[in-house]
Amino acid sequence: IERVLGPNHAMALDAQRAVGIAQTLLGRPEQGEQRLRSALARARQLSGMDQTVGSLLDSLVQNLLHQSRMVESDRLQAIRAEVEVLSRELLEQSERIMGPESLQAIRARVALAQALCHRGDYVAAAGLCGPILDTSADRLGECHSTRSDARTILSWAKYRLGDANAAAQLQLEVVHCNRAGAINPIVLLAAIYEALPFLDQGRRWPEGEALAHEASDMLKSYGGGHGGMLLGAEAHVARFISLQGRIDEAEALFESVLTRIPEIDDDPKFVARIKLLHAGHLIQRGQLEAAQQRLDEVVELEGDPRNGTMDTTVDDIITQYIELYRAWGKPAEVERYQRMREEVLRMPMK
């Protein structure tokens, strides 16, 4: 294309975009980013390239979002800041050129909402994603990937704004769409695993039990190498059973999981999560001193109760302390941890 039409032809720039996308999907996102940035810089200098600039912006934003799931903290903050800037530019351009209901404009809103969540503006993020889900099903289909992304981000925002029930329902819808879409089962497993703590806090315990069983069965079918995830899934099964009042059944399951913790000592996040779930079971059993000791072990692993064991439900340790002290009849401690929870939920997402 470059030989026949020249390197600055719209078709050549679009071909560069396609190669950049392919490099990203083949596990070389830095190369893809470099190619997309180069093509975007050229397109910006040329007249009549608004649509090409929009397509390149869209692909660059998706590339950066892909990288944000893989990089360390210093680079991560820079990526998130740039995603917000580029998403705002893409949204303005997409609405002007392609219309506010175009897929490109919707993708820009979703990317911007994710950036807003990560800096703690949950109201604005919800304000972007809610209307997308209300209005786009007829055009995109109920389970379009962009709608699933909007559901996920809206669930984060709803949870941080105190609506755990709505967050749980959105997570269930994401799981349903991943199952209906006949996609890679690993993606379904990831969606199930992310949903479990939301279903816990949203009091969707029977659905949580069923999904935790499904995750456990999937992991067992894949063979070894999934120790932390498998034990975590089994601990979630026990937790949901305990929450539904089947205490003896849950006790037996927790005993099995806890004896295998030494197998995953090199993965403190999973160990902390399992011990946290067990602490909740001890509260259900009325063993409050043992529950407090277990929670203190979780805090020792995490460094601070404000860190949580999950990035999406970062208040999970704090909520167990609230549950503990409420059962123990210690209102001053309940109030202290409730204030801490409110503080944590207002913080930017990790």
Side-chain angles (χ1 to χ4, degrees), residues 151-152 155-156 158-159 163-176 178-179 185 188-221 226-261 264 269-288 290-291 294-295 297-298 308-324 326-327 341:
R151 283 190 180 96
T152 297
S155 73
W156 299 345
K158 289 287 189 182
Y159 187 87
D163 194 346
N165 293 330
Q169 178 59 36
L170 288 160
Q171 288 285 329
L172 285 171
E173 291 170 8
V174 171
V175 171
H176 166 75
N178 279 323
R179 181 179 286 112
L188 173 60
L189 175 61
I192 291 173
Y193 217 92
E194 179 167 334
L196 296 178
F198 289 95
L199 301 180
D200 184 332
Q201 294 298 316
R203 303 180 69 85
R204 303 293 290 267
W205 301 332
E207 294 102 322
E209 179 188 349
L211 287 178
H213 270 301
E214 183 177 354
S216 175
D217 291 343
M218 291 175 73
L219 287 162
K220 288 175 183 176
S221 74
H226 309 288
M229 285 192 73
L230 177 56
L231 284 185
E234 292 179 3
H236 273 289
V237 172
R239 162 72 170 169
F240 286 119
I241 287 174
S242 179
L243 287 168
Q244 293 174 81
R246 289 144 53 200
I247 302 300
D248 291 341
E249 183 182 351
E251 178 69 15
L253 291 171
F254 270 119
E255 284 181 5
S256 172
V257 171
L258 293 170
T259 59
R260 290 146 61 202
I261 278 183
I264 60 166
K269 269 287 183 186
F270 278 113
V271 173
R273 182 72 188 165
I274 290 166
K275 289 188 173 185
L276 177 68
L277 297 174
H278 184 236
H281 171 65
L282 292 172
I283 296 169
Q284 293 291 113
R285 291 195 61 177
Q287 297 178 333
L288 304 183
R294 185 64 87 193
L295 285 172
E297 291 173 13
V298 175
T309 68
M310 298 285 284
D311 291 342
T312 49
T313 52
V314 73
D315 62 329
D316 57 3
I317 299 174
I318 297 170
T319 56
Q320 287 303 306
Y321 273 112
I322 293 171
E323 187 178 324
L324 169 66
R326 186 174 286 132
R341 181 172 183 261

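Any value given below was found using the heavy atoms of this structure, including those in side chains, with hydrogens, waters and symmetry copies removed.
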- Query: Are Phe198 and Thr312 side-chain neighbours, meaning at least one heavy-atom pair lies under 4.5 Å?
  - Reply: yes
- Arg239 versus Leu196: any side-chain heavy-atom pair under 4.5 Å? no
- Query: Do Asp200 and Asp316 come close enough that some side-chain heavy atom pair is under 4.5 Å?
  - Reply: no
- Note on the structure: Pro197 and Met310 have their tightest heavy-atom pair at CG-CE, 3.7 Å
- Starting at CG of Leu211, measure out to CE of Met218 and round the result to the nearest 0.5 Å. 10.5 Å
- Message: side-chain contact (heavy atoms from CB on, under 4.5 Å), that's the test. Do Arg151 and His176 meet it? Break it down for me.
- Response: CA-CA 12 Å; Arg151 283 190 180 96; His176 166 75; over 6 Å; no
- Query: Is any side-chain heavy atom of Ile264 closer than 4.5 Å to a side-chain heavy atom of Ile274?
  - Reply: yes
- Out of curiosity, His278 NE2 to Leu258 CG, how far, rounded to the nearest 0.5 Å? 5.0 Å
- Query: Yes or no on side-chain contact (heavy atoms from CB on, under 4.5 Å) for Leu324 and Leu288, after CA distance, side-chain angles and deciding distance?
  - Reply: CA-CA 7 Å; Leu324 169 66; Leu288 304 183; 3.9 Å; yes
- Query: With a cut-off of 6.0 Å (strictly less than), are more than 12 heavy atoms of other residues, nucleotides or ligands near NE2 of His226?
  - Reply: yes
- Item | Non-hydrogen side-chain atoms of Lys275 and Thr309 separated by less than 4.5 Å | no
- Does any non-hydrogen side-chain atom of Asp315 lie less than 4.5 Å from one of Thr313? yes
- Quick one: pull up CE in Met229 and OH in Tyr193 and give me the separation to the nearest 0.5 Å. 5.5 Å
- CZ of Arg260: more than 12 outside heavy atoms within 6.0 angstrom? yes
- Nearest heavy-atom contact between Ala291 and Ile283 is CB-CG1, 3.6 Å
- Note on the structure: Residues Ala195 and Val175: closest non-hydrogen pair is CB-CG2, 4.0 Å
- Task: Using the side-chain contact (heavy atoms from CB on, under 4.5 Å) rule, take Ile247 and His281 through it: C-alpha gap first, then chi angles, then the decisive distance, then the call.
- Result: CA-CA 8 Å; Ile247 302 300; His281 171 65; 3.9 Å; yes
- Message: Rounded at 0.5 Å granularity, tell me how far CZ in Phe240 sits from NE2 in His213.
- Response: 11.0 Å
- Item | Separation of Ile241 CD1 from Gln284 CD (nearest 0.5 Å) | 12.5 Å
- Message: Can you tell whether the side chains of Glu297 and Arg294 come within less than 4.0 Å, N to carboxylate O?
- Response: yes
- Item | Interatomic spacing from CG in Leu295 to CG in Leu282 - rounded to 0.5 Å | 8.5 Å
- For residues Glu209 and Val237, report the shortest heavy-atom separation together with the two atoms involved. O-CG2, 4.5 Å
- List the steps and the verdict of side-chain contact (heavy atoms from CB on, under 4.5 Å) for Leu188 and Ile192. CA-CA 6 Å; Leu188 173 60; Ile192 291 173; 4.0 Å; yes
- Nearest heavy-atom pair of Ala167 and Ser155: which atoms, and what distance? CB-O, 3.4 Å
- Item | Contacts of type side-chain contact (heavy atoms from CB on, under 4.5 Å), residue Ser216, not counting sequence neighbours | Lys220, Leu230, Ala233, Glu234
- Tightest non-hydrogen contact, residues Leu199 and Ala168, listed as CD2-O, 3.7 Å
